[in-house]
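Right, one structure below, let's go through it.
The sequence lines fix the lettering, A, B, ..., with proteins before strands; numbering per chain opens at 1.
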Amino acid sequence: MVSTVQAGITPEEFRDIANQIEKEVGRIIVGQKEVVRHVLISIIAGGHVLLEGVPGLGKTVLVRTIAEVLELRFSRIQFTPDLMPADIVGTNILLEDPHGGRQFRFQPGPVFANLLLADEINRATPKTQSALLEAMQERTVTVANQTYRVERPFFVLATQNPIDMEGTYPLPEAQLDRFFFKLNVGFPKEDELMEILGRTTSGDRPILSKITDGQKILAMGELARLMVVSPDVQNYAARLVLSTHPESETAPPITKQYVRFGSSPRGAQALMLAAKIVALMDELEPRYNVSFDDIKAVAHEALRHRLILNFEGEAEGVTTDTVIDEILKVVPLYKDGRKA
Amino acid sequence: MPTLEKEHDIKERRIIDQQISADDYKKLIQRLKRVESRMRLQELVWFLPFAFVAGGLIALAAAIYSRITPSLTLEQVLVFGGAVLLIAVGSTIAFAIFRPRNILDTARRADLALGMKQRVSTAIEGYNTPKKLGYVALGERQFNDAKNILENSKANKALPLKIHKKVGLVALLLIPLLGLALFLPNDNASIAKDNEALGQQVEKEAKALDDLKNKIKDEAKKYQLSENDPKLKELLKEIDQAKKDLDDNKLNRDQALASLEKAQQELSKLSAQQQNQAQKAAFESLARDFRSIESTKPAGDALSQQNDPNRFDKAASELEKLADNVDKLKNDPAQAKALADSLEKNAKNFEKSNPDLSDKLNKAAQSLQQNNLQQNPAAAQQAIKDLAKDISQAGKDQQFQDQLQQAQSQLQKSQQAIGQAGQRSQSSTTSKAGQKGDDFGKNGDQSDSLGQAGDPTNGGDSQEFLDPTAKNGQNPNQGSSPGQQQGKGQGQGQSPGQGAGKGQNQGQGDGGTGDSNDQTDAQGQGSGSGQSGNGNGSNPNGSQGKGAGKGAVDRVYQKPTSRNTTGTRETVNGKNGDGPNSTQNINAGDATGSAQVPYTDVINDYSQSASQSLDKNYVPLTLKDIIKQYFDDLQKRS
């Protein structure tokens with residue numbers, strides 16, 4: 001059993017660090033607080049994030065800013081159709097030594113970083129996209145039968161553009177499932193936009209402080225896993241995930257009508273882990289247990305990319321968020337049917 | 001491995017116990033119990049209007065049902081509705097107060113109600129099953145967090161006592177609705193009340209018939225009547241059938257009365273009432289005559305014992321002894337002659353009522369004639385024995401007839417009781433005028449005359465009557481009609497104290513409906529039944545007379561009065577007269593007196609009322625035709 005001492009961080013420190021990171025990122029990123037928070041949650045949980053939004057919303061800036069604040073090694077790959085897997089994972093190159101001898105040496109690709117920004121990930125071919133699969137899941141890279149371990153912490157923050165779909169390759173379900181969260185980056189509000197204009201068109205650019213490092217982030221992740229979850233809450237999370245499956249008995253009508261495939265167990269894991277971090281990060285009501293509200297707070301982010309709509313759903317313009325909203329509405333908090 | 005796991009569990013338990021004291025846990029539970037009390041109270045307040053509405057709706061349905069069908073009385077609706085309301089409210093209170101609640105369930109509810117984000121339920125589960133929740137690492141912090149937030153929670157504020165507004169409104173609306181449904185005049189409730197009374201009466205009468213049957217059986221044994229006697233069997237069968245019919249038609253007056261009527265008709269086939277009466281009188285005469293003769297005195301004495309059920313057998317036995325000692329009579333011609341004369345005389349008395357016995361008496365008389373007795377004493381002996389046997393048999397027949405009369409009397413009583421059961425409440429709600437019940441058939445003796453109206457007290461003015469032939473004090477049938485007659489008479493008593501008799505007197509006034517705006521018409525209807533009215537009257541010519549009669553007046557004879565008003569019904573019991581009963585024939589003079597109301601003025605109303613009464617009320621079938629004929633005759637004359 002891991003104690004808080006073993007985790008190397010206390011809940012109070014956790015909250016403090018998380019709070020500071022959010023504030024520091026907020027110095028660059030205007031608005032998008034939810035996105036920032038969810039990216040942070042993902043990072044603490046050790047998961048990857050898929051950011052979806054139209055160009056120019058600051059997705060790349062956000063990732064870069066986080067990398068700066070967290071004192072992590074950052075690399076960026078701009079995905080294009082001609083991008084090759086070797087461009088991501090690296091390749092063996094033939095080197096000639098001074099004695100005229102030749103040997104292959106592995107040249108690590110950009111994937112060997114703590115924070116990898118995979119910009120416009122859906123523009124690369126599936127072959128290239130899949131090059132990320134092993135790194136994302138196993139934290140290893142295999143080149144020419146040689147496996148290389150990716151440094152921890154390792155996070156992939158991928159972005160994709162929901163419009164301008166011509167010449168894109170939608171991410172396969174298996175790869176989508178490997179993303180801890182999928183975040184929709186929305187357009188800023190009027191005041192936020194004005195603030196963006198003020199910040200970005202003036203000469204001053206704030207210098208960001210390093211709040212923490214990768215080790216602390218890992219410790220925060222460890223502490224989050226120690227959070228207490230009652231069986232009721234755990235059961236609620238399980239029932240939510242089950243309700244995304246059209247063949248499930250507990251599935252609401254909307255699921256049965258519009259969903260082809262529901263969330264994988266990995267979705268439930270993401271849901272629970274994220275909820276634990278949400279509970280720990282709660283500044284207004286610091287807690288040491290997970291509540292139903294914590295689960296609800298991350299349900300969309302954890303599940304939306306794990307649901308696959310059927311033709312009818314897509315034809316009628318139903319989104320996975322709509323389905324999740326309905327599921328949250330109809331699934332009772334307790335197994336006996338009691339609601340809030 | 002299980003051992004290792006167990007050890008691990010124990011270790012975790014120890015850690016938790018070190019981190020969280022049992023006292024702290026108790027305090028948490030106590031605090032939770034206080035929240036639970038508040039929750040129960042909140043629940044009670046919330047659900048009470050629901051309970052009231054549920055109970056009230058059922059009560060309202062019952063009240064409406066009682067208005068649609070005559071099945072429930074007001075009292076029954078009140079009791080039922082009250083009980084339902086009490087049960088609904090009581091069970092809600094009991095449910096809220098005593099419903100067992102698991103402490104973890106309470107914690108869950110408290111978490112939701114007080115916005116504690118599952119802190120308390122997690123703390124309780126974590127404390128009790130630390131391994132399941134991985135409670136060791138952050139358990140202490142979590143528990144203290146839960147304890148603090150529960151202590152700082154304001155349950156009274158977070159759990160306000162509220163009622164469901166819509167349901168509360170419905171509950172408020174129900175109160176006047178219930179009041180209206182219950183207490184607005186309801187004819188069906190009155191009918192239901194009557195039906196209830198009728199049902200009880202029918203039940204009572206069925207029991208009375210059952211008792212009667214048992215009594216008859218007992219008496220049959222006592223009188224040594226054979227149970228296989230066809231007449232007795234028929235009698236018992238009819239009583240049984242009547243009882244069964246009553247049991248089957250508890251709430252149907254017409255059917256019950258029809259059953260009783262049918263039983264009566266069946267019994268009347270078995271009845272030989274007149275012969276029985278005549279036979280009784282003949283036996284009394286025979287007993288007197290036997291007692292006057294020395295040799296038959298024991299038999300006469302035996303016959304005279306009216307209360308002895310075996311008197312006939314004893315008399316027969318005495319006569320057999322006489323037959324065995326016929327030589328005594330042979331040696332005492334004077335006594336034999338006296339006996340022969342007596343037997344001959346009594347044979348005439350039995351001629352109609354019991355021809356067989358009359359024949360035996362005649363034969364015995366002949367055998368006792370001097371010559372016959374001397375020549376053939378054996379024949380005399382045999383004739384006396386035959387006579388004894390017939391007397392014994394006649395006694396049994398008479399006892400059967402007595403039983404039959406009892407049964408008929410019981411059926412008659414049952415008919416009357418059922419016919420009147422439940423009528424009272426209807427009258428009281430619909431009649432106003434007519435408090436004066438006209439009493440016909442007043443005090444008097446048990447004479448056979450029927451239908452002579454009299455005054456409840458001697459010399460009083462009697463009420464109006466309908467008999468067109470009967471004028472004041474001139475009813476030719478007054479007090480002198482043998483047999484059964486129906487008649488109405490009016491006697492203006494001028495000689496107080498004369499000719500009063502004692503008897504059973506029952507007068508029952510039946511308040512009719514009347515128009516309260518018309519005082520002259522508001523006479524009401526009355527019905528009286530009584531026996532043996534005794535009336536005094538004087539005719540205009542100066543002759544005075546006394547009449548004694550037995551009156552029986554049904555409501556159809558009563559004066560119709562104004563309708564559609566309410567009134568009360570009175571029961572007037574006749575009074576016993578002071579003087580002895582006497583009967584005197586009156587030679588009535590010309591009818592020069594005047595009736596109080598010319599019958600032509602009222603005949604139509606009376607006829608209509610009678611017709612309605614015949615339809616509504618029970619009137620024996622045999623009397624219906626008489627009544628109809630009566631009014632038809634009057635109509636023709638007018």
Side-chain angles (χ1 to χ4, degrees), chain A residues 1-15 219-238 272-273 275-298 332-340, chain B residues 4-5 7-16 18-20 39 43 101-150 152-153 158:
Chain A
M1 180 58 61
V2 183
S3 69
T4 53
V5 177
Q6 286 168 314
I9 191 169
T10 63
E12 291 75 20
E13 283 176 309
F14 183 103
R15 264 192 293 277
M220 287 170 82
E222 288 294 328
L223 180 65
R225 288 168 193 274
L226 298 178
M227 281 293 279
V228 183
V229 187
S230 73
D232 293 327
V233 176
Q234 215 159 24
N235 181 263
Y236 177 63
M272 184 51 65
L273 192 53
K276 286 183 171 185
I277 296 166
V278 169
L280 262 176
M281 286 173 72
D282 195 335
E283 293 169 6
L284 297 174
E285 289 187 82
R287 276 173 291 122
Y288 306 92
N289 65 288
V290 181
S291 71
F292 296 120
D293 289 344
D294 299 329
I295 299 279
K296 288 178 181 175
V298 293
L333 297 178
Y334 291 97
K335 205 174 179 179
D336 61 7
R338 195 182 308 149
K339 291 190 177 178
Chain B
L4 280 176
E5 272 185 21
E7 282 176 7
H8 190 72
D9 289 350
I10 293 167
K11 192 179 168 188
E12 279 198 357
R13 182 74 258 168
R14 277 188 197 143
I15 294 169
I16 292 295
Q18 283 169 3
Q19 290 176 346
I20 305 164
M39 286 161 78
E43 207 172 68
R101 278 211 176 97
N102 181 287
I103 194 71
L104 182 60
D105 192 49
T106 302
R108 286 170 180 153
R109 291 163 58 86
D111 276 337
L112 290 180
L114 304 180
M116 294 189 293
K117 298 204 168 184
Q118 290 67 58
R119 282 184 177 91
V120 182
S121 58
T122 305
I124 290 172
E125 275 201 275
Y127 180 82
N128 292 303
T129 54
K131 188 184 175 189
K132 192 174 169 186
L133 275 73
Y135 208 58
V136 172
L138 292 173
E140 186 179 1
R141 287 167 184 264
Q142 203 281 326
F143 188 88
N144 289 332
D145 180 35
K147 199 178 80 174
N148 289 336
I149 198 161
L150 187 60
N152 294 325
S153 67

Under the criterion side-chain contact (heavy atoms from CB on, under 4.5 Å), I'd like the reasoning laid out for B/Leu150 against B/Asn148: C-alpha separation, chi angles, the key distance, then a yes or no. CA-CA 5 Å; B/Leu150 187 60; B/Asn148 289 336; over 6 Å; no
Would you mind checking which part of A/Glu285 comes under 4.5 Å of any heavy atom in chain B, side chain (CB onward), backbone (N, CA, C, O), both or neither? both
Counting only heavy atoms closer than 4.5 Å, note whether A/Val233 contacts chain B via side chain, backbone, both or neither. side chain
Given heavy-atom pairs under 4.5 angstrom as the criterion, report whether the side chain, backbone, both or neither of A/Pro286 touches chain B. backbone
Cationic N near anionic O, under 4.0 Å, A/Arg15 to A/Asp282: no
Should A/Asp232 and A/Lys335 count as side-chain neighbours, where that means a heavy-atom distance under 4.5 Å? no
For a 4.5 angstrom cut-off between non-hydrogen side-chain atoms, does A/Leu333 reach A/Lys296? yes
